[in-house]
Amino acid sequence: MRLPLRSSIAIVAVFVFAGSQTSCSNTSSAKVPSVEPLESPAVVVPAGRVARSAIASKTLLTAEFQPFQEVDVMAKVAGYVRTIKVDLGDRVRE
């Protein structure tokens, strides 16, 4: 069902007028209660002791190293390696 253009404009105008009358009124019947600090009862609030201590934070994560780039390593000259006289972790000199 489709409304004629004049009816649609009239309905929108009624909603706009009603909304402006209800939301823009500044006459409030609610009164703000006055606060009198000397007559209010004391309020008990739970509290804790403050102390200095060292802050330690450890996080254990499992991970896998992945290379940024893969490179093919090739020899400059043709030939074979007969012996390797060092192992991983050995100290060597130039």
Summary of side-chain hydrogen bond (donor to acceptor under 3.5 Å, both in side chains) pairs that have at least one residue in residues 72-90, sequence neighbours excluded: none
Connected via hydrophobic side-chain network under 4.5 Å: Phe65 and Leu60: no
Val45: hydrophobic cluster co-members (side-chain, 4.5 Å): Val43
Common cluster, Val77/Met74, ILVMFWY with side-chain heavy-atom separation under 4.5 Å: no
